[in-house]
Each structure stands twice: as structure tokens, then as C-alpha cells.
Amino acid sequence: MRVAYWPGCVSRGFTPELHGSMAKVAPLLDIELIELDRAACCGAGVIAEHNQELADTLNARTFALAQRTDGELMMNICSTCQGAQSECQERLDANTEYRERVNQNLADEGLRYEKGLTNKNFLWLLVEEIGLEALRARVKRPLSNLRVGPFYGCYIVRPVDRLGIDSERPRDRYLHWVIEALGGTVIDYAGVYKCCGFPIITMNKQASLAQAGRHLGDALDAQADCLVVPCPLCHLNLDMQQPGAAKVVGRDLGMPVLHLPQLVGLALGLSPKELGMTKHIVKPTSVIDWSTAVVAGTDDTAVGARRVA
Amino acid sequence: MPAYTLRIRRFDPQSGEAPHWDEHTVDMPETQSVLDAILKVRDEVDGSVGIRCSCQQAICGSCGVRMNGKPGLACNTHLGEAAERGHGVGWNPPEEGQVAPVIAVEPMGNMPVIRDLIVDMDAVHWKKIRRVTPWLVNQQPVPEREYIVPHENMVDVTQTMACIQCGACVSDCLAMEVDPLFVGPAALAKAYRFVGDPRDAQHRERLQDLAEDEHGIYDCTHCFNCIDACPKGVDPMSQIMRLRRRAGSDYEIEDRNNGYRHEHAFVNNIRRNGLLHEADLLPDSYGGKFNPRAVPELIGALPTAMTALRRGKMTPKTALGHPHKAPAEVKRIFEKVEGRSGRVELNLYVTGYEDEPEATGGGQRETATAAEPNAQGRPESVGAGERQPAAESLDADAVASETGTTEGETR
């Protein structure tokens, strides 16, 4: 399928491995990415906090650019983009006069947003468009014995109504389902739906890192080999800031954190290096060990031994 | 009639015993409330179950509890709905082999338990409410007759006035979980109730106070838990964002927590680059690379930056250069929208959704927003009035005229 692809800012900034791994994984899933390279930042809630109309206009512009392509829908790879854009879209779609007003801001460029765009995070697209069965059929190296903790990120699960989470589409279970479909073991721990703390890292560093550290520690206690996140901002706090978070909570963490396309790519047969895992601040040793063991055909003894140790 | 397994968390701190769960099977229609079930158990099986309740109509706010992991009022949550709530954020399929749907009821979080389902609201919730001066401070001199308040100003604060002080938002506030001193969602929503009221004389003082407090408006982590928790649609987080908007844009309060600096650094970063350039955001949020506040932060970030450079996560170019430049069209949007005298804010709580005429709650009219300065002439705008017959035409004019002016300026 062809999708208008919004990679967001951070996937091309401090988490280049996210954008890179998505580009590698897409063809394996027959997804054709039409990159929206002239679109601007979604505002991550901060621009909306500063000036709502400004954030709504920037996102309406992105939506309009997406609608100009022949993509079936728009896809993002960032929970924060999903949440911030869903919020703007909710306002734009709810009120014709307001939408017209915002569209006038875009008129100079000849752009116009028409109500009713479908914008899905890669996670939603995997489950709702590609389907778990089809995903399972493409798995080359099932993530057997890899213990994965899901970490959704706030923006993709709340508010429930705005994000369309209901019994028809239990999007707050999708990450669990995808891990299972890839052959991995889901680890349940307290932090699954909690906040990584990133939004307040410059305002209250202590509280921000206490959140990250607590969830990483909980995952460690639940014996997870790694976490998986559909949000690069969560990745910044959970991976890049992990050394600092470890100091705040006063314990060693060393918990690898994977981007969703990296986890998918791993099961589809790509190597950790191809997926940019060597770029992480916390070395994903357990995942690389697992991958090496699987490739060498020595099953999971390496991982098992490490966990016991 | 469906059967439910009601699992109640029991705890008496005075007893010295650990908390435990009691299970009861209740046969009740799915449209009965969780409170009905708890009271049935208390009346017919175990009189010692501790629960606080009064009106049973979602007005008094006393029966806040967590049901299957989600906070809310026991009296306005149907058994059927509670049973469908998972331990996730929304819906959870029933576990395999489960005989009757389970509803686990436990006390709210972030507050100490007095007994069973009763938490100490005084110790946390009310203390925080008192913290924000929860009363109107009159402007002087007091007018001889009544205050005249423009309708749209009152509509603007209706959402916060809907709060019934149940504490559900406090229960699941993730910032409070790691920082118990955080003023919190309920109290900050209450603060907006007065900051948004033109009769109040201390807008600046209130905002200054809450911006400077290191546990104030800038301590919220945007987790949206309070929005989902609130049984009354108060959207505490949105009120916190409005407080920030007022503090940062209308009063330009440069707080010591970097809230103002971070917001402005972010907005300017996008204005310049179109996409976020993180390497600039960090120092700029602390006041710029050479600001004494930024220096320790930058030095602290060095080891991570070195690792990132070594591993190829960053390159010298991405760390120091500016790989992106905002397209001219994006720059023009910033000029256009920010160049206007009034900000436009669409509050869906007030205006409702066009496509859902049957929706319940406040005004459901198809209205746009007014961009009028408020009583003090400050550039703040509000959602258009509920139950305001002439609102459509009035607001359409406001939008049209303002857009016209702006276009004129741009040309």
C-alpha cells in the first residue's frame, strides 16, 4: 500500500535509527512511503500550548500535503505526532467555520485541508491495515524467548475517545498483539501506559528522570530483555537519558529500548546493525545476543544464561 | 441477569495487617452502578466495607474509586461498563476461562487510604485546592451595583466550574506520582477558574505564583490521565495549558523553571527550522548556550553527546549545524497567525461537535470562535457561547473581519 509518510522531527534528528529502520522495514511489508518532506513539526503540544491556531494551521498544512499525494492514508511513526495531530484534527473536523479560518491561513500556498483525513501511527497500520495474520506470515525469525516490555507513550493511548480506542479497535492492546505476532513474549510491568517524563525534562529534570527510571526499573524487575516504543520522544528519555535516570533512581538499569520498526525488522530478518541498534546510548546487548544466538542456531541459551546471571 | 465478581480491596491501616482482596458475586443488571453493587454487598453480606458516598447522582463527588484500574465515580459507572474496562487504558477482552466478568474496586491513588475505599482527601486534594487561593479576589473599588461580566467570559470558565472535587484526576496524575508536591490537575483547573474570571484582581499574581512554583503549571507532563479520569469533562490538562498560555504569552512571566523559555525556544526553533532541531532546544530552553543556567546542563549532557557522536546517533553536522530550514510558507504561517492581535481558541466543550447533534453536555451549537479581547482588552479569546441564539452570525462576523484584516496586512 502507498501511504503519505510523516516521519516527524526527532526520527530525523536525535533518533535517526528510527527513520532508517522504518525505511528498511517498509518494503518488507509492501508499504510504499511517500515522504512529506516539506511539512513542519506537529508542535508536540508545545505550540498548541503557545497558540492553538498556529499549531492547528501547521498540522492542517501537513494534512493538506498528505491529501495531495495518492497515498491511501497518512502514516506517522511517533506517538507524540499522532496525539498532537489527532488533537488538531479533532478541532478542524468538528467545526466548519474554524476549519475555513485555518484553511485561509494556507490559501497563499494553494493548500486546503478537507475534513476526514485518516492518520495512523505505524502501530495502528500494522494491526488495522496489514493485519496480524499477514504480519505473522512474513516473520522470518520469530522473536522466540525474547521478553519484550511494551511502552506505548501517553499520546497514543489518551484521551481514549479522541484516539478512537474502543471495543472495536482496542488500540491500547495493539503493541501487546504485535509483540506476540512477531513471536515474542509480552512482559507486563507497571509502566506500560505511563509517561516517560520527557515533556518536563527541561522544567523538572528530577521528576522527569524519576518517571523514566521507575518504568525502566519496573521492566527490569519483570525480567524484560528490552522495551519497545512507538514514540521517539519516549526513546529520548528512556534510552538517551537512561544514564541520568539510573542516577536519579539509584540503581543500575541497562535496559535496551527499541523503536517499533526495529522490533518488527528484527523478526522480518534484518540484523540489529542494519536496524541502527548500534546507535543507541544503551547498548541493546541482550537483543544482539539473542539475534546472534538465533542466527547461529544455538537457540536462546545465551539470553537465558545472561538473565539468570 | 448477569453475574459479576466484585473484588474489593480491603485495608485498615490501624489494624497492622496487609491489604487484601475480598470477592463477592453479585447478580445485578449491567445498567446498575458499581456503587449499587458495593452498597448491596455492604448491606447484605459484609457491613464493614468502607465506602464514602452521598448523592448517588454524580453531583457530590464523594464516591471516587478506581474500577478495573481506572478512576471515576462508582455511582455513575455502570457495572457493564466497568467490567469492560481493562487494566489498560480502555477496553480489555475478558480473560480465558473467566466465569463472571470481574470488577476490581480499589481506593484512588496518590492519596493515603483511611480505610478500604476511603482515601484521605484532606491530606492531598483539599490541601492543594487551598494552595491556589480558591476564591475570587475582588477588584477595588467594589462597584456600587453588581459586576457586569461579559457572557463569553463566563462561558470560558464554565468547564472548570463543572468540577465536583471528586479527586479522580488527582488519583491518576502521573506527575504527582513522582512529585507529590505537584499542585496537580484539580487545583490548577480551579486556578484557571479565577484566572479566566474578569472580576478577579490578581491574575498576574496567581500566574506568577504558579509559574514560579517548581511544582506548579510547568510540572505537568502532558500525560492526559486527568482528561480521561474526569467524570465531568473538565479537562484539567487543557486548563493547565491555558494557564501556561496566559502566563507565557499574555503576561510574559519568565519563570525560574524554564517553562517560559522552553515554550518560546520550541516555537522559535520551529519558526526557524520547520522541524525541531534538538541540539538548539536544550541550551535555548535554559536561556541560550552562554547562559550560566545552561552551562551545567550542557556539561552534564557531554558524556551522552560523546557517546552519541561515537555511535553515529549524532554527527558533528546534526549536533552543531542546522540541517533543515523552514520553507518560506511555514515562516509565512508564523507571521500571519502570530501577527494578529487576538488568539483564537476553539473549545469543543463549549462549541460541541457539528456532526453529533445528539451529544449530551454543554452547548452543542455550530459556532466558531470569537477572537474578541476580553474585558481587560488582553488578547485572549474563548469558545463561543453555549445557548446563545445570535452566536452563529456574531462569530461568523468576528472570524470574517479578523481574517480580512490579517490578509490585508499580509498583502
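Letters go in sequence order (proteins before strands), and every chain restarts at 1.
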Quick check: do [X] and [Y] have side-chain heavy atoms less than 4.5 Å from each other?
X	Y	value
B/Val344	A/Gln52	no
B/Arg311	A/Thr278	no
B/His262	A/Met203	yes
B/Val330	A/Arg38	no

Take A/Lys279 and B/Met314, measure what side-chain contact (heavy atoms from CB on, under 4.5 Å) needs, and give me the verdict at the end. CA-CA 9 Å; A/Lys279 291 189 170 147; B/Met314 283 182 216; over 6 Å; no

Against chain B, label [X] side chain, backbone, both or neither, depending on which of its atoms sit under 4.5 Å from a heavy atom there.
X	answer
A/Thr15	both
A/Lys115	side chain
A/Arg91	both
A/Val282	backbone
A/Arg214	side chain
A/Gln241	neither
A/Ala55	neither
A/Leu163	neither

More than 12 heavy atoms from other groups under 6.0 Å of CG on B/Asn291: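 Counting neighbours around CG of B/Asn291, more than 12 heavy atoms of other residues, nucleotides or ligands fall under 6.0 Å, so yes.
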
Euclidean distance, [Y] [atom2] relative to [X] [atom1], rounded to 0.5 Å:
X	Y	atom1	atom2	result
A/Met240	B/Glu278	CE	CD	7.5 Å
A/Tyr98	B/Thr351	OH	OG1	10.5 Å
A/Thr80	B/His222	OG1	NE2	10.0 Å
A/Leu54	B/Arg343	CG	CZ	11.5 Å
A/His50	B/Asn268	NE2	CG	7.5 Å
B/Arg271	A/Leu58	CZ	CG	10.5 Å

Examine whether an atom of B/Thr221 lies under 4.5 Å from a heavy atom of chain A, and if so say whether it belongs to the side chain, the backbone or both; otherwise answer neither. both

Examine whether an atom of B/Glu297 lies under 4.5 Å from a heavy atom of chain A, and if so say whether it belongs to the side chain, the backbone or both; otherwise answer neither.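 Interface part for B/Glu297: side chain.
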
For [X] against [Y], the heavy-atom pair lying closest together:
X	Y	value
A/Ile201	B/Tyr286	O-OH, 3.9 Å
A/Gln211	B/Val178	CG-CG2, 3.5 Å
B/Leu348	A/Ala94	CD2-CB, 3.5 Å
A/Cys195	B/Leu174	N-CD1, 3.4 Å
B/Asp219	A/Ala207	OD1-CB, 4.3 Å

As a quick check of understanding, evaluate side-chain contact (heavy atoms from CB on, under 4.5 Å) for A/Leu106 and B/Ile333, giving each step before the final call. CA-CA 8 Å; A/Leu106 301 177; B/Ile333 288 173; 3.8 Å; yes

Among [options], single out the residue with the greatest number of heavy-atom pairs under 4.5 Å to chain A.
options	value
B/Leu281, B/Asp172, B/Thr304	B/Thr304
B/Ala301, B/Ala175, B/Ala279	B/Ala279
B/Cys220, B/Gly312, B/Cys223, B/Ala328	B/Cys223
B/Val267, B/Thr307, B/Asn269	B/Val267
B/Ile227, B/Ile240, B/Ile270	B/Ile270
B/Gly248, B/Gly259, B/Ser238, B/Gly274	B/Gly274

side-chain contact (heavy atoms from CB on, under 4.5 Å) between A/Cys41 and B/Phe266: does it pass, once the steps are laid out? CA-CA 10 Å; A/Cys41 173; B/Phe266 193 104; 4.0 Å; yes

If we ignore hydrogens and angles and just use 3.5 Å, is the side chain of [X] paired with the main-chain N or O of [Y] as donor and acceptor?
X	Y	value
B/Glu214	A/Asn204	no
B/Glu329	A/Glu109	no
B/Asp228	A/Val160	yes
B/Arg245	A/Asn51	no

Ignoring hydrogens and angles, state whether a donor on the side chain of B/Glu84 or A/Ser167 is under 3.5 Å from an acceptor on the partner side chain.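 No, no side-chain donor-acceptor pair sits under 3.5 Å.
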
Using a strict threshold of under 4.0 Å (side-chain N to carboxylate O), is an ion pair present between A/Glu17 and B/Lys313?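 Yes, this pair counts.
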
Under a 4.0 Å threshold between the charged nitrogen and the carboxylate oxygen, would B/Arg242 count as salt-bridged to A/Glu49?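 Salt bridge flag = no for B/Arg242 with A/Glu49.
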
For side-chain contact (heavy atoms from CB on, under 4.5 Å), just list the numbers for A/Thr202 and B/Leu282, CA-CA rounded to whole Å, side-chain angles, deciding distance to a tenth of an Å, and then say yes or no. CA-CA 7 Å; A/Thr202 56; B/Leu282 180 71; 4.1 Å; yes

